[in-house]
Structure formats: structure tokens, C-alpha cells
*Asks:* 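Quick one: structure below, then a few questions.
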Amino acid sequence: MRQPLVAGNWKMNGSRASAKELVEGIKAGVASAVKTQIALCPPHAYLADVSAMLQGTPVMLGAQNLCYASSGAYTGEISATMLLDFGCTYAIVGHSERRALFGEDNKIVARKFLAASKGGLTPIFCVGEMLEDRENELTEAVVARQLDAVLESPECLAALGGAVIAYEPVWAIGTGKTASPDQAQEVHAFIRRQIAAHSAEIAGKIQILYGGSVKGSNAAELFAKPDIDGGLIGGASLDASEFLTICHAAE
Ligand code: 13P
């Protein structure tokens, strides 16, 4: 049985003060979520504050992005080593917003995956189709291509056992439109089969999270599906009680 993981991706939201308030609220309610792994991915600017506040709690820290290089002349970037320095466990790579708004293609995503993994972080590797892909019945083809960036690189494949996958259909992100539990399960099972073609062992143990308009009210039915091992939560992770409801739904 895979342990559930619920990770909050705050994206570029909040202030230093609101970040602290949010972490206080989450800390107050996590004790009762014993089975679920919980992680928070604040903006980089707040990593130090959040890291300090999470000391002594089971809640883990993650970054929303990182550089593919380990150090050097990369103005504005942040390395895996720096994130590790702040106590990060996870780094999100390949989020659809990075792909769509910042031009990150499958090749860059694979490099970031490897940088995270080599740097001692657990990559949360995001894949997901656009609405147009789904309407043209291209969901599996698109997701397979995104997965292949990692599966077909021997170096990345070797690191996959220490990674997490997140399936986030782009049409469900921030839209209030959630994939139905059956729709999500279908793609999660597909992802697991794709991984199994390379390694049955990794396929059996890797956590595959669902992301896209997960809320307190729909989390339980999504997490009840056999191949959905938790969630990557955007908007609802900015509200402590909503986020805690989702964490409890994963129990
Ligand atoms: P929402 O939960 O706001 O739809 O965002 C999902 C997401 O992109 C998490 O990475």
C-alpha cells in the first residue's frame, strides 16, 4: 500500500505575513493526519520562514521550481543545493504553468528532474494534457510523450524510484473543473502502465498525485481510486482549513 501524499503548491500568492498565518493554521491541524505525508511548496522568497516554522513538525517543504544547473552564471535561478540548504525535500518540475508560460519543454523538464534528483531532492514530476488534446482523444499520447522525456533517459529512469508523479490535466487547473474520479483514475492507471513497461517495481511503489481543482469537497472520492495516491493542490492549499480537509481525506 502506497502512503498518500498531499502537497500544497502556493504558486505566486500571498505575502510574508499571510504565509506565516497559513503555516500556523496548517500546523494546528496536522497532528490528526497520521498516515498522510504533507508538503508545502511556498514561493522561494518564503522558504526560509516556512522552513523555520515547520521545524519539529512532520510537514515537509518543497520548491515550486529549480534550475537544471548546479551553480554558476544563471541570474535569477535557484539550485537544488540551495533548496536543500533550506530543508526542502521536494521540487516540482514540469508544472504546466512552467511549460506554457516559461517555455519549458520536455528536454528542460528532464534536465530539471535530474538536477533535483542528483541534488538530493524528490522531484514531483508533472504531466497533463490540454483541453484540446482531450477533445481530440490525445490525452494518452500527450502524457506518454511527457513521461518519455524521463522514462527514455537511462539516468532519469534510474532516479525515478525516488520521484513522485503528478497528473494535472491543464483544463482542470484553477478552473474549478475537476477531472471526474473515473477520468483521473484512467490516466493514473495509464501512467502506471507506462512506468511498468520500464520497471514493474517502480510502477508499484511510485506515488501518483492528482492535481486540478481539488477541494475539500471532492478530495475523498478522487483519493479513493486505486491509482490516485494523493494530490497536488493549488488554490485550496491557500486556505488552512480547506487544505487540512484534503489532507484528512487522504487518510
Ligand atoms: P488548482 O488546485 O488551483 O486547480 O491548481 C492545481 C495545480 O496546478 C497544482 O500544482
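Basis for what follows: all heavy atoms, side chains included, without hydrogens, waters or symmetry-related copies. Whatever order the structure lists ligands and atoms in, that order sets their numbers, starting from 1. Counting from 1, the numbers follow the sequence of the chain as shown.
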*Asks:* Consider side-chain hydrogen bond (donor to acceptor under 3.5 Å, both in side chains). Of Lys112, Glu97, Glu77, which one does Asn65 pass it with?
*Replies:*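 Only one of Lys112, Glu97, Glu77 forms a side-chain hydrogen bond (donor to acceptor under 3.5 Å, both in side chains) with Asn65, namely Lys112.
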
*Asks:* Would you say CZ of Arg2 has more than 12 non-hydrogen atoms from neighbouring residues, nucleotides or ligands within 6.0 angstrom?
*Replies:*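 Yes, the 6.0 Å shell around CZ holds more than 12 heavy atoms from other groups.
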
*Asks:* Going by distance alone, is a donor N or O of one side chain under 3.5 Å from an acceptor N or O of the other, for Gln207 and Gln37?
*Replies:*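 Yes, a side-chain donor-acceptor pair sits under 3.5 Å.
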
*Asks:* Hey, is ligand 1 close enough to Gly174 that some N/O pair sits below 3.5 Å?
*Replies:*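 Min N/O separation from ligand 1 is below 3.5 Å for Gly174.
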
*Asks:* Would you mind listing which atoms of ligand 1 come within a distance below 4.0 Å of any non-hydrogen atom of Gly212?
*Replies:*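 Per the distance check, 4 (O), 6 (C).
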
*Asks:* Can you pull out the closest protein heavy atom to atom 3 (O) of ligand 1? Residue, atom name and distance to 0.1 Å, please.
*Replies:*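 The closest heavy atom on the protein side is Gly235 N, 2.8 Å.
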
*Asks:* Do Ser79 and Leu66 touch side chain to side chain, with heavy atoms closer than 4.5 Å?
*Replies:*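 No, side chains not in contact.
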
*Asks:* With salt bridge (Lys or Arg N to Asp or Glu O under 4.0 Å) as the criterion, how do Lys35 and Glu251 come out once you've worked through the C-alpha distance, each side chain's angles and the decisive distance to 0.1 Å?
*Replies:* CA-CA 6 Å; Lys35 224 176 74 184; Glu251 291 282 293; over 6 Å; no

*Asks:* Answer yes or no for Arg98 and Phe102: cation-pi contact, defined as NZ/CZ to six-membered ring centre under 6.0 Å and angle to ring axis within 45°.
*Replies:*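 Yes; both conditions hold, so Arg98 lies above the ring face of Phe102.
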
*Asks:* Compute the shortest N/O to N/O distance between Gly211 and ligand 1 and return yes if it is under 3.5 Å, no if not.
*Replies:*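 Such a contact does not occur with ligand 1.
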
*Asks:* Counting only heavy atoms, which portion of Asn9 has something under 4.0 Å from ligand 1: side chain, backbone, both, or neither?
*Replies:*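 Under 4.0 Å from ligand 1, Asn9 contributes side-chain atoms alone.
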
*Asks:* Please state which part of Ala236 comes within less than 4.0 Å of ligand 1, counting heavy atoms only: side chain, backbone, both or neither.
*Replies:*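 Neither; nothing of Ala236 gets under 4.0 Å from ligand 1.
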
*Asks:* To check your reading of the model: name the closest protein heavy atom to atom 7 (C) of ligand 1, its residue, and the distance in Å.
*Replies:*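 The protein heavy atom lying closest is Glu168 OE2, 3.1 Å.
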
*Asks:* Among Gln64, Lys215, Lys11, which one has a heavy atom closest to atom 8 (O) of ligand 1?
*Replies:*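 Residue with the shortest heavy-atom distance to the ligand atom: Lys11.
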
*Asks:* Polar-atom distance check: Ser213 versus ligand 1, any N or O pair below 3.5 Å?
*Replies:*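 Looking only at distances, the answer is yes, because the N/O contact criterion of under 3.5 Å is met.
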
*Asks:* State whether the shortest distance between N or O atoms of His95 and N or O atoms of ligand 1 falls below 3.5 angstrom.
*Replies:*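 There is such a contact, yes.
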
*Asks:* Measuring only between side-chain heavy atoms, which start at C-beta, is Glu186 closer than 4.5 Å to Asp227?
*Replies:*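 Side-chain contact under 4.5 Å: no.
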
*Asks:* Of all the non-hydrogen atoms in the protein, which one sits nearest to atom 2 (O) of ligand 1, and at what distance?
*Replies:*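 The protein heavy atom lying closest is Gly234 N, 2.9 Å.
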
*Asks:* Taking atom CD of Glu21 as the centre, does the number of heavy atoms from other residues, nucleotides or ligands within less than 6.0 Å exceed 12?
*Replies:*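 Atom CD in Glu21 is not crowded, with 12 or fewer foreign heavy atoms closer than 6.0 Å.
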
*Asks:* Could you list the atoms of ligand 1 found under 4.0 angstrom from a heavy atom of Ala172?
*Replies:*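 Answer for ligand 1: 4 (O).
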
